[in-house]
Amino acid sequence: MKKSANFSGRDFLLKSALAGSGVLMGNSLLTAATNHFSNASIGMNDSKLNKKTLNTDLKTRKLGQLEVSELGFGCMNIAWAYGPETPKDKAIKLIRQAYDSGVRFFDTAEVYGPIYSEEIVGEALKPFRNNVVIATKFGFEVDPVTRERRGLNSQPKYIKANVDRMLKRLQTDHIDLLYQHRVDPNVPIEDVAGAVSDLVKAGKVKHFGLSEAGEATIRRAHKEFTVSAVQNEYSFWTRDPENEVLDTVEELGIGLVPWSPLGMGYLTGQVANGFPFRKDDLRVTANFPRFNDAAMIANRDIVNILQKMAHEKDATPGQIALAWLLAKKPFIVPIPGTTNPNHLHENMGAVNVALSESDMKNLETAFDKVEITGKRAPEALIEVHDIGTNFGTSSRGTHGNSPMRNK
């Protein structure tokens with residue numbers, strides 16, 4: 001029996017995979033969650049900004065053969081996740097400020113909003129289109145008129161029709177990096193890769209990526225058509241890619257794009273026990289195990305590790321968290337997102353924080369002494385992640401969550 005890919009309402013929240021820097025929510029929860037959350041609720045404390053926060057000359061890195069800035073900008077938050085939909089003029093200004101700060105890699109998805117994030121990204125980057133890399137994602141069926149979510153859909157015919165709509169929203173003739181947002185349990189990954197290959201041949205797409213994929217799926221897709229990047233959750237306190245994905249992408253020459261590199265705000269040190277979460281905050285509404293008071297108290301040692309290094313480096317905990325990812329591997333490109341210009345500049349300042357081999361060893365030694373309380377997502381979400389993306393699972397010797405082609 002095939003797994004159903006059609007979810008709605010709260011069931012959609014619990015049965016969908018995590019979105020590229022957060023969580024996809026059912027319509028009722030999304031409406032509530034976007035009506036209240038202040039921009040200051042997630043990110044860094046403005047008073048802790050220092051002279052190292054500004055940068056206008058980011059270096060570049062390679063995701064496969066795709067060259068991008070060493071830090072990207074995640075454009076989910078402007079559409080909904082951690083606050084109300086950012087007004088168009090402010091959202092465009094923020095994206096252009098990211099460009100002025102040196103960012104040349106912008107990440108969005110059809111389901112962010114839905115649709116709103118792609119529309120804003122397209123308009124904001126139109127004047128600089130030839131100087132930037134735009135990444136977006138398919139995989140969740142969205143009605144282009146009503147914007148209603150209808151669950152997973154990676155059928156090749158739908159992918160191709162959807163890309164045409166994406167191109168219009170992004171005001172461009174090509175997508176630089178096109179990800180499958182989540183592995184579809186009803187569509188062989190070879191068929192997905194083949195559809196993207198056709199789009200590349202047609203000039204509509206330049207590079208192919210996967211999100212929340214395990215080793216078996218990555219290898220199958222890459223064999224069919226070159227995968228340039230894998231976007232999985234990875235941060236100082238979420239090490240699941242070290243299970244099997246990190247070694248796999250390194251072996252195959254694929255880049256890794258960590259989403260939620262600041263741990264949904266926790267690694268900045270500004271979200272702690274007693275934090276005044278509002279009643280519809282997705283971290284509590286969706287029952288994320290690490291965001292109840294007991295877990296936030298238990299996990300404070302993680303922030304203390306980052307804070308100690310931050311004092312030594314004249315930086316902030318969030319900057320250390322990003323610098324740690326940058327120092328981990330040369331093919332890792334984090335994509336922190338924000339709706340606050342001050343937080344944007346602070347994030348960019350992470351590239352000015354140099355972590356030596358000794359610093360990295362000290363961070364790892366301290367981390368090894370800490371036991372993280374709470375899984376990275378609610379159990380129902382973890383159940384629909386691809387095999388091998390979470391500690392405690394392995395896709396080796398399996399075909400992953402994607403079905404095999406019929407012989």
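Each residue takes its place number in the sequence, starting with 1.
Considering only heavy atoms from C-beta on, Glu233 stays 4.5 Å or farther from His385 through its side chain. Ser356 has its side chain within reach of Asp359: a pair of non-hydrogen atoms, C-beta onward, lies under 4.5 Å apart. Residues Leu94 and Phe73 meet the side-chain proximity criterion, which asks for heavy atoms closer than 4.5 Å. The side-chain heavy atoms of Met348 and Leu71, taken from C-beta on, include a pair separated by under 4.5 Å. Here the side chains of Pro336 and Leu322 are in contact, with some heavy-atom distance below 4.5 Å. Here the side chains of Val245 and Tyr234 are not in contact, with every heavy-atom distance at 4.5 Å or above. At least one side-chain heavy atom of Leu326 sits under 4.5 Å from a side-chain heavy atom of Arg61. The side-chain heavy atoms of Leu177 and Phe105, taken from C-beta on, include a pair separated by under 4.5 Å.
At distances below 3.5 Å, at least one donor-acceptor pair connects side-chain atoms of Asn292 with backbone N or O atoms of Pro289. Using a distance-only test at 3.5 Å, with no hydrogens or angles considered, no donor-acceptor pair links the side chain of Asn299 to the main chain of Ile372. Listed for the Thr389 side chain is a donor-acceptor partner under 3.5 Å among the backbone atoms of Asp386. At distances below 3.5 Å, not a single donor-acceptor pair connects side-chain atoms of Asn77 with backbone N or O atoms of Thr339. Looking only at distances, no side-chain donor or acceptor of Tyr112 sits under 3.5 Å from a matching main-chain atom of Cys75. Between the Arg290 side chain and the Ala295 main chain, no donor and acceptor come within less than 3.5 Å of each other. In this structure a side-chain-to-backbone donor-acceptor pair under 3.5 Å is missing from Thr86 to Ala91. Counting only distance, with no hydrogens or angles, the side chain of Ser101 and the backbone of Gln97 share a donor-acceptor pair below 3.5 Å. Side-chain atoms of Gln155 do not come within 3.5 Å of backbone N or O of Val187 as any donor-acceptor pair. Counting only distance, with no hydrogens or angles, the side chain of Asn243 and the backbone of Thr393 share a donor-acceptor pair below 3.5 Å.
The shortest non-hydrogen separation linking Ser235 to Pro261 is CB-O, 3.4 Å. Closest approach of Asp107 to Tyr179, counting heavy atoms only: OD2-CE1, 3.7 Å. In plain terms, the two heavy atoms of Pro378 and Ala286 that are nearest each other are CG-O, 3.0 Å. Closest heavy-atom contact between Asn401 and Ile387: OD1-CG1, 3.1 Å. Minimum interatomic distance between Thr338 and Leu344 (heavy atoms only, all atoms of both residues): CG2-N, 3.7 Å. When all heavy atoms of Ala229 and Val257 are compared, the pair lying nearest together is CB-CG2, 4.2 Å.
No salt bridge links Lys204 with Asp198; every basic N to acidic carboxylate O contact stays at or beyond 4.0 Å. Under 4.0 Å is where a charged nitrogen must lie from a carboxylate oxygen, and between Arg104 and Glu67 no such pair does. Under the 4.0 Å criterion applied to side-chain N and carboxylate O atoms, Glu244 and Arg219 are not assigned as salt-bridge partners.
In this structure Lys308 satisfies the salt bridge (Lys or Arg N to Asp or Glu O under 4.0 Å) test together with Glu312, sequence neighbours excluded.
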Worked check of side chain to side chain contact (heavy atoms under 4.5 Å, CB included) between Thr373 and Ile297: CA-CA 9 Å; Thr373 297; Ile297 292 171; over 6 Å; no
Step-by-step side chain to side chain contact (heavy atoms under 4.5 Å, CB included) determination, Thr60 to Val68: CA-CA 5 Å; Thr60 60; Val68 299; over 6 Å; no
Full working for side chain to side chain contact (heavy atoms under 4.5 Å, CB included) between His181 and Gln231: CA-CA 9 Å; His181 209 151; Gln231 185 179 130; 5.9 Å; no
Using the rule given for side chain to side chain contact (heavy atoms under 4.5 Å, CB included), can you reason through Phe140 versus Leu152, listing the C-alpha separation, both sets of side-chain angles and the distance that settles it, and then say yes or no? CA-CA 4 Å; Phe140 291 96; Leu152 298 174; 3.4 Å; yes
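In this model, no donor atom of one side chain and acceptor atom of the other lie less than 3.5 Å apart for Asn273 and Arg300. A donor atom on one side chain and an acceptor atom on the other are not found under 3.5 Å apart for Arg220 and Ser395. With no hydrogens or angles considered, no side-chain donor-acceptor pair links Ser402 and Thr217 at under 3.5 Å.
Separating the CD1 atom in Ile120 from the CZ atom in Phe106 is a distance of 13.5 Å, to the nearest 0.5 Å. Rounding to the nearest 0.5 Å gives a distance of 8.0 Å between OG1 of Thr316 and CG of Asn347. To the nearest 0.5 Å, the span separating CE on Met264 from CH2 on Trp259 amounts to 7.0 Å. Atom-to-atom distance recorded for Met166:CE and Ile159:CD1 is 9.5 Å, nearest 0.5 angstrom. Taking CD of Glu119 as the reference point, atom CD1 of Ile92 lies at 10.5 Å (rounded to 0.5 Å). Atom-to-atom distance recorded for Gln270:CD and His343:NE2 is 8.0 Å, nearest 0.5 angstrom.
In this structure, Phe225 and Phe208 have tilted ring planes: the angle between them lies in the 30° to 60° band.
Atom NZ of Lys62 is surrounded by more than 12 heavy atoms from other residues, nucleotides or ligands within 6.0 Å. Around the CD atom of Glu364, the shell of radius 6.0 Å holds more than 12 heavy atoms that belong to other residues, nucleotides or ligands.
Arg239 forms a cation-pi arrangement with Phe367, by the criterion of a distance under 6.0 Å to the ring centre and an angle within 45° of the ring axis.
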Indicate every side-chain donor-acceptor pair of residues 123-134 with a distance under 3.5 Å to a residue at least two apart or in another chain.
from: Glu123; atom 1: OE1; to: Lys88; atom 2: NZ; distance (Å): 3.0
from: Lys126; atom 1: NZ; to: Gln171; atom 2: OE1; distance (Å): 3.3
from: Arg129; atom 1: NE; to: Thr172; atom 2: OG1; distance (Å): 2.8
from: Arg129; atom 1: NH1; to: Val132; atom 2: O; distance (Å): 3.2
from: Arg129; atom 1: NH1; to: Asp176; atom 2: OD2; distance (Å): 3.0
from: Arg129; atom 1: NH2; to: His174; atom 2: O; distance (Å): 2.9
from: Arg129; atom 1: NH2; to: His174; atom 2: NE2; distance (Å): 3.2
from: Arg129; atom 1: NH2; to: Asp176; atom 2: OD2; distance (Å): 2.8
from: Asn131; atom 1: ND2; to: Tyr99; atom 2: OH; distance (Å): 3.4

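Residue Ile175 is tested with Val200, Leu170, Val196 for a side chain to side chain contact (heavy atoms under 4.5 Å, CB included); the sole match is Leu170.
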